Chemist: 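Following this message is one structure expressed as structure tokens.
Remember, predicted model here, so these are calculated numbers, not experimental data. Reckoned from all heavy atoms, side chains included, excluding hydrogens, waters and symmetry mates.
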Amino acid sequence: MCVVEFTRLASQYNAVNLGQGFPDFSPPDFALEAFQQAISGDIMLNQYTMAFGYPPLTRILADFFGKLLGQELDPLKNVLVTVGAYGALFTAFQALVDEGDEVIIIEPFFDCYEPMTLMAGGRPVFVSLKPSHTPEGGLKLSSDWQLDPTELASKFTSRTKALVLNTPNNPLGKVFSKSELELVASLCQQHDVLCISDEVYQWLVYDEHQHISIASLPGMWERTLTIGSAGKTFSATGWKVGWVLGPDHIMKHLRTVHQNSVYHCPTQAQAAVAKSFEQELRHLGQPSSYFVQLPQAMQRNRDHMIRSLRSVGLDPIIPQGSYFLITDILQIKNKMPDLPGAADEPYDRRFVKWMIKNKGLVAIPVSIFYSGPHQMDFDHYIRFCFVKNEGTLRAMDEKLQNWKAELKP
């Protein structure tokens with residue numbers, strides 16, 4: 001069962017959907033105005049543009065991210081606009097992974113990484129982030145989940161082609177620290193391995209944590225693809241505009257795949273994203289910046305959800321970034337071990353289906369973000385999305401309070 005199937009179940013039972021990762025509030029006014037202008041303004045925006053990206057968009061992406069990465073980016077050689085970040089990931093796997101190549105994937109992982117590796121003929125190799133022990137009554141934090149350096153090093157072989165990094169991480173909300181990134185970077189350089197860095201949540205970082213792009217570290221630009229998303233950046237996931245940034249000697253292979261598959265992304269959406277970035281460039285780092293205002297608002301949402309979940313005895317793990325938090329349901333598993341479902345079905349999947357049908361709340365079981373052999377080890381966590389409007393969060397509160405009596409020890 002995948003995310004799509006849980007979303008379908010949510011619709012069937014008219015439940016409060018805190019599962020799938022999308023905002024249910026409007027993008028910022030300047031982004032909507034940019035899209036309206038793209039639709040009603042220049043009639044040529046109804047036609048094809050450059051196959052690898054609408055020129056004003058590739059220019060602003062090169063300028064904007066070049067400053068952040070410490071690189072002089074060429075809009076024609078170092079930027080490719082794709083059908084969402086999903087399209088960027090697919091293009092990267094198809095372009096770079098050959099039959100028998102190994103791809104290191106850090107668990108828990110965004111669930112498309114494994115099938116995309118397999119579709120390209122590669123072999124996924126998994127290494128898990130593991131939670132450190134939290135003292136009784138202490139706060140559980142996403143930063144407590146860490147890689148074992150020795151275990152990570154052991155995954156690199158002569159067949160390793162790439163490592164997939166996701167920071168901030170979906171579903172955990174972990175923001176990798178500079179020292180953690182330096183460990184990954186040193187191993188990639190030592191073994192001559194590419195890094196595919198999925199950074200779609202880079203602006204959604206909380207509690208004064210800092211997002212660092214691994215491509216900005218010494219020696220990493222030449223071996224890293226950095227993937228971003230206008231949907232996550234401007235709260236407009238349906239626009240499906242993404243991009244990938246990287247050195248020309250890697251990007252030329254992605255351009256070949258792109259040119260011979262989707263070929264071209266919708267011009268008007270690209271024009272709207274270009275205008276939105278121009279707006280942000282003028283306000284970057286100031287209180288008026290959307291990249292400042294959005295994480296402040298989402299941190300309030302996160303804290304609201306954490307309080308609400310704790311009030312009924314659930315055990316959320318505080319995320320440093322992203323749209324999501326995960327909640328430990330081990331105590332519920334111990335109290336309610338025999339939920340309906342197949343004997344070999346991970347507990348979190350049975351629990352989420354039960355919760356949708358009986359309590360009207362939707363989450364996503366975290367075991368789907370793990371490889372098969374590791375799913376049972378992590379079957380007592382569920383993922384909630386807190387990037388929702390106030391009405392949705394109030395509806396969540398009401399559902400949880402109705403359930404409170406049953407959850408109390």
Side-chain angles (χ1 to χ4, degrees), residues 50-53 57-59 61-106 110 112-113 116-117 119-125 156-167 181-182 184-200 202 212-229 241-265:
M50 299 286 286
F52 305 133
L57 178 55
T58 56
R59 285 196 296 268
L61 290 173
D63 187 26
F64 197 98
F65 287 98
K67 292 181 174 69
L68 296 175
L69 296 174
Q71 297 289 330
E72 190 77 33
L73 300 190
D74 183 329
L76 298 177
K77 294 181 177 179
N78 303 130
V79 181
L80 174 66
V81 178
T82 58
V83 182
Y86 220 86
L89 288 162
F90 184 78
T91 302
F93 283 105
Q94 288 294 315
L96 303 175
V97 178
D98 296 320
E99 194 72 34
D101 285 345
E102 294 177 356
V103 177
I104 296 172
I105 298 174
I106 298 169
F110 182 42
C112 74
Y113 300 158
M116 286 187 183
T117 298
M119 287 172 75
R123 187 174 83 84
V125 175
F156 286 79
T157 73
S158 60
R159 297 293 301 163
T160 307
K161 173 64 74 70
L163 177 144
V164 186
L165 176 71
N166 178 208
T167 182
L181 295 175
E182 286 171 341
V184 172
S186 68
L187 288 166
C188 286
Q189 292 176 63
Q190 180 183 333
H191 294 275
D192 193 23
V193 165
L194 302 172
C195 182
I196 300 171
S197 189
D198 179 352
E199 302 182 15
V200 298
Q202 75 174 98
I212 300 170
S213 291
I214 197 168
S216 69
L217 298 185
M220 285 305 290
W221 165 254
E222 288 300 312
R223 64 178 63 254
T224 301
L225 294 176
T226 304
I227 290 171
S229 160
V241 176
W243 55 85
V244 54
L245 313 170
D248 185 48
H249 72 272
I250 302 177
M251 294 292 290
K252 66 183 182 182
H253 302 298
L254 276 73
R255 291 194 293 268
T256 299
V257 172
H258 181 87
Q259 184 171 350
N260 293 287
S261 54
V262 297
Y263 176 67
H264 176 281
C265 304

Chemist: Indicate whether the side chain of E199 and that of S213 have a donor and an acceptor atom separated by less than 3.5 Å.
Modeler: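 Note: E199 and S213 side chains meet the donor-acceptor criterion.
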
Chemist: Using only atom types and a distance under 3.5 Å, with no angle test, would you say the side chain of D198 pairs donor to acceptor with the backbone of I227?
Modeler: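 No, because the side chain of D198 does not come within donor-acceptor range (under 3.5 Å) of the backbone of I227.
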
Chemist: May I ask you to test the P247-W221 pair for a side-chain heavy-atom distance under 4.5 Å?
Modeler: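 Side chain of P247 against side chain of W221, heavy atoms only: contact under 4.5 Å found.
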
Chemist: Can you tell me if R159 uses its side chain to pair, donor with acceptor, with the backbone of G100 under 3.5 Å?
Modeler: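 At least one qualifying donor-acceptor pair exists.
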
Chemist: Evaluate L187 against I104 for side chain to side chain contact (heavy atoms under 4.5 Å, CB included), listing each step before the verdict.
Modeler: CA-CA 12 Å; L187 288 166; I104 296 172; over 6 Å; no

Chemist: Which heavy-atom pair separates H258 from V81 by the least distance, and what is that distance?
Modeler: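 Of all heavy-atom pairs spanning H258 and V81, the closest is CE1-O, 3.3 Å.
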
Chemist: Just by distance, do the side chain of S216 and the backbone of I212 share a donor-acceptor pair under 3.5 Å?
Modeler: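 No.
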
Chemist: Assess whether salt bridge (charged side-chain N to carboxylate O under 4.0 Å, His left out) is satisfied between R59 and D63, documenting all intermediate values.
Modeler: CA-CA 6 Å; R59 285 196 296 268; D63 187 26; over 6 Å; no

Chemist: V97 versus V103: any side-chain heavy-atom pair under 4.5 Å?
Modeler: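 A side-chain contact under 4.5 Å exists here.
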
Chemist: If you define the side chain from C-beta out and look only at heavy atoms, does anything of L225 sit under 4.5 Å from M251?
Modeler: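 A side-chain contact exists here, since the closest heavy-atom pair is under 4.5 Å.
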
Chemist: With rounding to the nearest 0.5 angstrom, report the SG to CG distance, C188 to L163.
Modeler: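 With rounding to 0.5 Å, SG (C188) is 5.0 Å from CG (L163).
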
Chemist: Between F65 and Q71, is the side chain to side chain contact (heavy atoms under 4.5 Å, CB included) condition met? List the steps.
Modeler: CA-CA 8 Å; F65 287 98; Q71 297 289 330; over 6 Å; no

Chemist: For D98, does its backbone N or O pair with a side-chain atom of D101 as donor and acceptor, under 3.5 Å?
Modeler: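 At least one qualifying donor-acceptor pair exists.
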
Chemist: Testing the basics here: between M50 and H264, what is the closest heavy-atom pair and its distance to 0.1 Å?
Modeler: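 Scanning both residues, the minimum pair turns out to be O-CD2, 4.1 Å.
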
Chemist: What distance do H191 atom NE2 and S186 atom OG have between them, rounded to the nearest 0.5 Å?
Modeler: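 It is 8.5 Å, given to the nearest 0.5 Å.
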
Chemist: Do the side chains of Y86 and F110 get nearer than 4.5 Å, heavy atoms only?
Modeler: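 Side-chain contact under 4.5 Å: yes.
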
Chemist: Which heavy atom of A88 sits nearest to which heavy atom of W243, and what is that distance?
Modeler: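 Heavy-atom minimum between the residues: CB-O, 4.0 Å.
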
Chemist: Is the count of non-hydrogen atoms from other residues, nucleotides or ligands lying under 6.0 Å from Q190 atom CD greater than 12?
Modeler: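 Correct, the count exceeds 12.
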
Chemist: To the nearest 0.5 Å, what is the distance between CG (N166) and CD1 (I196)?
Modeler: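 The distance works out to 12.0 Å.
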
Chemist: Rounded to the nearest 0.5 Å, what separates atom OG in S197 from atom CZ in R223?
Modeler: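 Between S197 OG and R223 CZ, I get 14.0 Å after rounding to 0.5 Å.
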
Chemist: For a quick test of reading the model, state the closest non-hydrogen atom pair linking A185 to I214 and the distance between them.
Modeler: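 Smallest heavy-atom distance, with atoms named: N-CD1, 4.1 Å.
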
Chemist: Within a strict 4.5 Å, meaning less than it, do heavy atoms of the V164 and I106 side chains meet?
Modeler: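 No. Closest side-chain heavy atoms not under 4.5 Å.
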
Chemist: Quick one: does L254's side chain get under 4.5 Å of T82's, heavy atoms only?
Modeler: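 A side-chain contact is absent here, since even the closest heavy-atom pair is not under 4.5 Å.
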
Chemist: Which atoms form the tightest heavy-atom contact between R255 and L76, and what is the distance?
Modeler: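 It is NH1-O, 3.8 Å.
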
Chemist: Between T160 and V125, does the side chain to side chain contact (heavy atoms under 4.5 Å, CB included) criterion hold? Intermediate values first, please.
Modeler: CA-CA 9 Å; T160 307; V125 175; over 6 Å; no

Chemist: Do V244 and T91 have side chains that get closer than 4.5 Å, going by heavy atoms?
Modeler: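 They are not in side-chain contact.
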
Chemist: Output the distance between atom CE (M116) and atom CD (Q94), rounded to the nearest 0.5 Å.
Modeler: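 If I round to the nearest 0.5 Å, the distance is 9.0 Å.
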
Chemist: When you measure from the side chain of K161 to the backbone N and O of L194, does any donor-acceptor pair fall under 3.5 Å?
Modeler: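 Absent.
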
Chemist: Is any side-chain heavy atom of L181 less than 4.5 Å from a side-chain heavy atom of M220?
Modeler: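 No, their side chains stay 4.5 Å or more apart.
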
Chemist: Go through D248 and K77 one step at a time and tell me if the salt bridge (charged side-chain N to carboxylate O under 4.0 Å, His left out) criterion holds.
Modeler: CA-CA 5 Å; D248 185 48; K77 294 181 177 179; 5.1 Å; no

Chemist: Are E102 and T157 close enough that a side-chain donor and a side-chain acceptor fall under 3.5 Å?
Modeler: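 Looking only at side-chain atoms, T157 and E102 do form a donor-acceptor pair, the distance falling under 3.5 Å.
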
Chemist: With rounding to the nearest 0.5 angstrom, report the OH to CG distance, Y113 to L165.
Modeler: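 Answer for the OH-CG pair, Y113 versus L165, is 8.0 Å.
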
Chemist: Locate the shortest heavy-atom distance separating A120 from F93; write the atom from each residue and the value.
Modeler: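 Closest heavy-atom pair between A120 and F93: CB-O, 3.5 Å.
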
